[in-house]
Engineer: 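Take this structure first; my questions come after.
Every chain is numbered from 1 and lettered A, B, ... according to where its sequence line falls, protein lines coming before strand lines. These values consider heavy atoms only, across backbone and side chains, with no hydrogens, waters or symmetry-generated copies.
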Amino acid sequence: MSVPYNHKVIEKKWRENWEKNPVNVNDGKKEKYYCLDMFPYPSGNGLHVGHWRGYVISDVWSRYKMLKGYYIIHPMGWDAFGLPAENYAIKMGVHPAKSTAENVKNIKRQIKEIAAVYDWDMEVNTTDPEFYKWTQWIFVKMFKEGLAYQKEMPINWCPSCKTGLANEEVVNGKCERCGADVTKKNLKQWMLRITKYADRLLDDLDKLDWPEKVKKMQTDWIGKSYGAEVDFPVEGREDKITVYTTRPDTLHGATFMVLAPEHALAKELATEECREAVEKYIYEASMKSNVDRLQDKEKTGVFTGTYAINPLNGAKVPIWLSDYVLADYGTGAIMCVPAHDDRDFEFATKFNIPIIQVIAKDGQQIENMTEAYTEAAGTMINSGEWNGMESSVLKKEAPMMIEKKGIGRKTTNYKLRDWVFSRQRYWGEPIPIVHCPDCGAVPVPEEELPLLLPKVDSYQPTGTGESPLAAIDEWVNTTCPCCGKPAKRETNTMPQWAGSSWYFLRYVDNKNKEELVSKEKAQKYLPVDMYIGGVEHAVLHLLYSRFYTKFLNDIGVVDFDEPFIKLFNQGMITGKNGIKMSKSKGNVVSPDDLVRDYGCDSLRMYELFVGPPELDSEWDDRGIDGVYRFLNRFWNLVMDSKEANVSETKDMLKLRHRMVHDITQRLESFSLNTVISGFMEYTNKFQDIAKKQGGIDKTTLETAVVLLAPFAPHMASELWEALGHEDGIFNQTWPDYDEEAMKDDEIEIAVQLNGKMKTTITVAADVSKEDAIAAGKAALGDKLTGNIIKEIYVPGRIVNIVAK
RNA sequence: GCGGAUGUGGCGGAAUGGCAGACGCAGUAGACUCAAAAUCUACCGGGGGUGACUUCGUGCGGGUUCAAGUCCCGCCAUCCGCACCA
């Protein structure tokens, strides 16, 4: 018996070795491959086994690509601005920079336990002034291009975090971070004009090798719709009210109109008799939070007393106000066609407004409608000159017809809103703008960046809409970069998404003092080929990053306009019963003990073995014994066979090529859990053979060890050395397989009678159909009765005799 | 309400329309041991049969096919996303 597997000894040995001689080097590699993890927030809680999974997946993939001959870009960094560090500062009085640095140190130590091939020379940290200099620089560039602008408007406000939020950060009316009900607050905000990129963000999704789910979520978030704006004159007034509709075909059926309570004309339109009710309604709507507004299922509304004129047929339509119309979508006003829209139907029914059907369903006018008919399918009725047209055709043509008549225009709309970019908090990048009484908002000159985040006495958010920075007079008071007169600094900071929107570009040139990234390095190493992370950023980080990349492409910083070619969302690791791991639930499994007891290689493999990488998996500690036993068996097999020195047999050659084939195919299709079972299956087969012939030939052993290297790099390195190689295993190339060599001479196939499996037969691999069927019949023997109706032979698989 | 994903032994899961349950965990029996652990061997979906075998079985109900976990239609459950966007 040779030396038993001792993970402690060999893992320590190879870590030290790799520290001195990194395995990922650029010499003579054909191409780069950039495999990126979503960088972590350096939380004080440390890593659990769920975090490990993503990092293991990306590392296995990186090492596989390395063996395929690529030079790997595989960096790691820290998304370190944000509220937890700031809240900790408020509670403990420790400067966020200090607690962040400590957390980074701890998490980095934990990440190093994974033994991934991260290139730590590339490390970035979003809170490093040399990094956020460029985050600010991008903002200045956007300002100069008119993409960053200020606007006073009611924005989403989290009363608990005491800061404004972007639309993307509000989930079901609640703060994405803390879960508090989001309210509205009127604030002057910095906004980024992401809507200018709406079409490109939508269209370019086609180019991406991303999960359909994420593409769909982004498509829906952008929410492009096609329709028309129609101008309704107001009776007794000069102004018109413009509505947006996606169903201009139903214009004849518009029997009323609804304005959002926030609409500019809402108050003005109220007649003497209605004024009191209208003002009350507007006031009440303004007091409702997002959550209230969402939860009110019953429609409410108030009549203004004023009428508009349907520009197509001159009909008088009453103008109502209701909070089911959103002020910031379309024009904040809609025409209502109760016969063909669920919401309008509900409203009309409640307030006794006439319902006029304009599309015949199945050629019929519906008597006593009980619900709206919302499909654009049927013939137009009650629609004047449009009568008899097909509604689906008219729906497309109506915008042009309306435009010709001069009563409206064809238009498109988006759900996507501009990005509210100011945060009234301390721990973020200061927005590099100076407000001058004469020159207005002036950007800090690029050569003066970074604009450092100053130290404050109190990190406490003020809650007034100003950030804690506003309290530092010596920082706030400055001079205008433009005219030199006294001026004040912008005191809001950027959202946490600012740094993460472009960090992946910086890794490859993280020490560049002159440029965000040099042209040469960008060309050589970018963009990201594979991006691995959770699905929770589908419309946040992943949308913002695409926007930033397109902008940087437009101003010539990079020559590509999509940051991540391929995206993989790994599933979450949960505790028992699918409960998310969290400190408060007490179900967090730390990798530290497992690494100590079983070794890094075992944990790496078990992380993959728990289930398909794209699905959530429940963690069960006991399962790791299985891979640990496997690694021991594999170790013993190689060590024992090494001594035996047997020569290669035809059977072994066949098995070897099949192993390479199976492992490669499963890896390529990202079925990482079955790659691990594949290793176990082949090792079991090899063990059986070794028992008979005393060992396994050296070529097969070497091949298996190379295949195992991305998964269990320590053991593979040690075994590779034990097999007598002085060059490292990661200098080897991934083995090829030969389909011919995989073939059997004889094969076992199933024999079915009437589609039911009865027995098996062994036949020559190249057996003819006739011979196979004859053999099948013979095997069925007495069971085969009645007349044979059909005989089926699927080569290499099955013989089926159909008899009655 | 709309959209998506998932549903297979005690458990995690595997199956280009072709022998369901690979691989592993847990379990049972045996070997080794003074004993235990580790390791090794065998068994390990349900019913029936001493047995060779037989029959049922992939959430439920239909359908297509020589053949369905897999394809089609209709449901149910769980999870996720969106949610008055006109």
Side-chain angles (χ1 to χ4, degrees), chain A residues 4 171-173 211-214 216-217 219-221 223-225 227 243-248 250 254 257-258 260 293-294 296-297 299 322-326 328-337 340-344 346-347 374 413-417 535-536 538-539 571-572 574 576 578 606 609-612 614-627 629-630 632-633 636 665-666 669 671 673-684 687 691 748-760 789-803:
Chain A
V171 179
N172 292 326
E212 285 307 316
K213 179 186 171 151
V214 176
K216 177 93 173 49
M217 282 171 73
T219 303
D220 290 347
W221 192 260
K224 185 174 188 176
S225 66
V243 303
Y244 170 71
T245 179
T246 56
R247 294 296 302 277
T250 64
M257 179 183 261
V258 175
R293 214 162 145 159
L294 281 171
D296 285 344
K297 294 224 170 72
K299 297 254 180 302
S322 174
D323 65 3
Y324 83 90
V325 174
L326 305 175
D328 58 351
Y329 179 75
T331 61
I334 60 168
M335 65 173 211
C336 299
V337 185
H340 303 286
D341 181 279
D342 291 327
R343 297 150 300 184
D344 299 347
E346 188 191 332
F347 195 88
T374 56
N413 247 311
Y414 301 88
K415 290 187 193 176
L416 184 70
R417 310 294 148 90
V535 75
E536 64 273 15
V539 288
M572 204 175 25
T574 68
K576 208 74 214 126
Y606 185 54
F609 192 56
V610 280
E614 70 280 7
L615 299 183
D616 293 352
S617 297
E618 279 179 32
W619 188 264
D620 181 355
D621 266 351
R622 288 176 300 185
I624 196 172
D625 284 309
V627 288
R629 285 173 197 146
F630 156 75
N632 273 286
R633 286 203 305 276
N636 291 337
Q665 295 267 302
R666 293 174 189 190
S669 56
S671 180
N673 53 327
T674 63
V675 171
I676 308 301
S677 22
F679 279 122
M680 293 173 175
E681 280 175 65
Y682 281 99
T683 300
N684 291 347
Q687 270 189 318
K691 232 172 267 168
E748 193 191 66
I749 60 175
V751 181
Q752 293 184 340
L753 177 60
N754 296 327
K756 288 193 175 169
M757 155 68 182
K758 291 296 169 193
T759 184
T760 57
I789 299 167
K790 206 161 182 177
E791 294 168 335
I792 289 146
Y793 172 58
V794 181
R797 293 251 176 223
I798 209 158
V799 169
N800 187 12
I801 310 294
V802 185

Engineer: Roughly how many Å is it from OH in A:Y324 to C1' in B:rC84, rounded to a whole number?
Structural biologist: 8 Å
Engineer: Give the B/S/- string for nucleotides 9-17 of chain B, one per nucleotide from 5' to 3', where a protein heavy atom under 4.0 Å of the base yields B, of only the sugar-phosphate yields S, and otherwise -.
Structural biologist: ---BSS-B-
Engineer: Scan A:N684 against the nucleic acid and name what it touches under 4.0 Å (heavy atoms): base, sugar-phosphate only, or nothing.
Structural biologist: sugar-phosphate
Engineer: With distance as the sole criterion, do the side chain of A:K299 and the base of B:rC84 form a donor-acceptor contact below 3.5 Å?
Structural biologist: yes
Engineer: What does B:rG57 pair with, Watson-Crick or G-U, if both distances are under 3.5 Å?
Structural biologist: none
Engineer: Supply the atom-to-atom distance A:T250 OG1 to A:H340 NE2, rounded to the nearest 0.5 angstrom.
Structural biologist: 7.0 Å
Engineer: Categorize A:M757 for me: base, sugar-phosphate, or nothing, with a 4.0 angstrom heavy-atom threshold over every strand shown.
Structural biologist: base
Engineer: Salt bridge check, A:D328 against A:R417: does any charged N sit closer than 4.0 Å to a carboxylate O?
Structural biologist: yes
Engineer: Distance check needed: B:rA37 P versus A:R629 CZ, whole Å only.
Structural biologist: 12 Å
Engineer: Does A:S225 reach a base, just sugar-phosphate, or nothing at all? Heavy atoms under 4.0 Å.
Structural biologist: sugar-phosphate
Engineer: Partner of B:rU65 by Watson-Crick or G-U wobble geometry, both contacts under 3.5 Å, or none?
Structural biologist: none
Engineer: Which of these nucleotides, B:rA26, B:rC66, B:rG18, is closest to any side-chain atom of A:K790?
Structural biologist: B:rC66
Engineer: Say you pick atom C1' in B:rG3 and the same atom in B:rG48; how far apart are they, in whole Å?
Structural biologist: 48 Å
Engineer: With nearest nucleotides of RNA chain B determined for A:T246 and A:V539 from heavy-atom distances, which residue corresponds to the more 5′ nucleotide?
Structural biologist: A:V539
Engineer: If you assign A:D341 and A:I749 each to the RNA chain B nucleotide with the nearest heavy atom, which residue ends up on the more 5' nucleotide?
Structural biologist: A:I749
Engineer: Atom CD1 of A:I676 to atom P of B:rA22: distance rounded to whole Å?
Structural biologist: 18 Å
Engineer: Contact class for A:R417 vs. all strands (heavy atom < 4.0 Å): base, sugar-phosphate, or nothing?
Structural biologist: base
Engineer: Expressed as a whole number of Å, how far does the P atom of B:rA86 sit from that of B:rC72?
Structural biologist: 30 Å
Engineer: Would you kindly check if the NZ (Lys) or CZ (Arg) of A:K299 is within the cone defined by 45 degrees around the ring axis of A:Y324 and under 6.0 Å from the six-membered ring centre?
Structural biologist: yes
Engineer: Paired with B:rG7: which nucleotide, if any, by Watson-Crick or G-U wobble criteria at under 3.5 Å for both distances?
Structural biologist: B:rC76
Engineer: Does B:rA29 pair with anything, Watson-Crick or G-U wobble, both distances under 3.5 Å, and if so, with which nucleotide?
Structural biologist: B:rU41
Engineer: Compare the minimum distances between each of B:rC19, B:rA86, B:rC23 and the side chain of A:Y244, then state the nucleotide with the smallest one.
Structural biologist: B:rA86
Engineer: Can you check the A:K415 NZ to B:rG3 C1' distance for me, whole Å?
Structural biologist: 11 Å
Engineer: Given atom CD1 of A:I624 and atom C1' of B:rA26, what is their separation to the nearest angstrom?
Structural biologist: 16 Å
Engineer: Taking the same atom, C1', in B:rG7 and in B:rU70, what whole-Å distance lies between them?
Structural biologist: 14 Å
Engineer: Determine the interatomic distance between P on B:rG18 and the same-named atom on B:rA52; round to the nearest Å.
Structural biologist: 29 Å
Engineer: May I ask you to decide if the ring planes of A:Y244 and A:Y329 are parallel, tilted or perpendicular, using 30° and 60° as cut-offs?
Structural biologist: perpendicular
Engineer: If you only use heavy atoms from C-beta on, which nucleotide in B:rC82, B:rC25, B:rA86 is closest to the side chain of A:W221?
Structural biologist: B:rC82
Engineer: So, using salt bridge (charged side-chain N to carboxylate O under 4.0 Å, His left out) as the criterion, who are the partners of A:K216 when residues are at least two apart?
Structural biologist: A:D220
Engineer: Which nucleotide in the set B:rC56, B:rA26, B:rC66 lies at the smallest distance from any side-chain heavy atom of A:K756?
Structural biologist: B:rC56
Engineer: Under the ring pair (Phe, Tyr, Trp, His ring centres under 6.0 Å) test, which residues partner A:F679, sequence neighbours left out?
Structural biologist: A:F711
Engineer: Rounded at 0.5 Å granularity, tell me how far CD in A:Q752 sits from CZ in A:R797.
Structural biologist: 12.0 Å
Engineer: Given B:rG81, B:rA26, B:rA86, which nucleotide is nearest the side-chain atoms of A:L326?
Structural biologist: B:rA86
Engineer: Would you tell me if any nitrogen or oxygen in the side chain of A:K691 comes within less than 4.0 Å of OP1 or OP2 on B:rU41?
Structural biologist: yes
Engineer: On a whole-Å scale, what distance lies between the C1' atoms belonging to B:rA31 and B:rC19?
Structural biologist: 33 Å
Engineer: Quick one, A:V337 with A:R247, criterion side chain to side chain contact (heavy atoms under 4.5 Å, CB included). Give me CA distance, side-chain angles, the key distance, then yes/no.
Structural biologist: CA-CA 9 Å; A:V337 185; A:R247 294 296 302 277; over 6 Å; no
Engineer: Applying salt bridge (charged side-chain N to carboxylate O under 4.0 Å, His left out), can you list everything that pairs with A:D344, at least two apart in sequence or on another chain?
Structural biologist: none
Engineer: Hey, is the side chain of A:E748 pairing donor to acceptor with the base of B:rC19 inside 3.5 Å?
Structural biologist: yes
Engineer: I'd like the C1' distance from B:rC60 over to B:rA77, given in whole Å.
Structural biologist: 10 Å
Engineer: Identify which nucleotide among B:rC66, B:rC23, B:rC19 has an atom closest to any side-chain atom of A:A750, counting heavy atoms from C-beta outward.
Structural biologist: B:rC19
Engineer: Specify the separation, in whole Å, of atom CE of A:M572 and atom P of B:rC79.
Structural biologist: 13 Å
Engineer: Provide the distance between the two C1' atoms, one in B:rG13 and one in B:rC23, to the nearest whole Å.
Structural biologist: 8 Å
Engineer: Base of B:rG30 relative to its sugar, syn (within 90° of 0) or anti?
Structural biologist: anti
Engineer: Just jot down the salt bridge (charged side-chain N to carboxylate O under 4.0 Å, His left out) partners of A:K576, sequence neighbours excluded, or say none.
Structural biologist: A:E618
Engineer: Just how far, in rounded Å, is P of B:rG4 from CD of A:E614?
Structural biologist: 18 Å
Engineer: Taking CG from A:N754 and C1' from B:rA67, how many angstroms apart are they, rounded to a whole number?
Structural biologist: 11 Å
Engineer: B:rA83, B:rG24, B:rC25: which one has an atom nearest the side-chain heavy atoms of A:R633?
Structural biologist: B:rG24
Engineer: Nearest to the side chain of A:K213, which nucleotide is it out of B:rC80, B:rC40, B:rG18?
Structural biologist: B:rC80
Engineer: Let's test this: given Watson-Crick or G-U wobble pairing with both distances under 3.5 Å, identify the partner of B:rA15.
Structural biologist: none
Engineer: Can you figure out which of B:rC19, B:rC84, B:rU55 approaches the side chain of A:K758 most closely?
Structural biologist: B:rU55
Engineer: Please measure how far the P atom in B:rC76 lies from the corresponding atom in B:rG24, and state the result in whole Å.
Structural biologist: 40 Å
Engineer: Check the phosphate of B:rA22 against A:R666, side-chain N and O only, distance under 4.0 Å to OP1 or OP2. Yes or no?
Structural biologist: no
Engineer: Measuring to OP1 and OP2 of B:rA86, would you say a side-chain N or O of A:Y329 lies under 4.0 angstrom away?
Structural biologist: yes
Engineer: What's A:N800 touching, base or sugar-phosphate or nothing? Going by heavy atoms closer than 4.0 Å.
Structural biologist: base
Engineer: What pairs with A:E614 under salt bridge (charged side-chain N to carboxylate O under 4.0 Å, His left out), at least two apart in sequence or on another chain?
Structural biologist: none
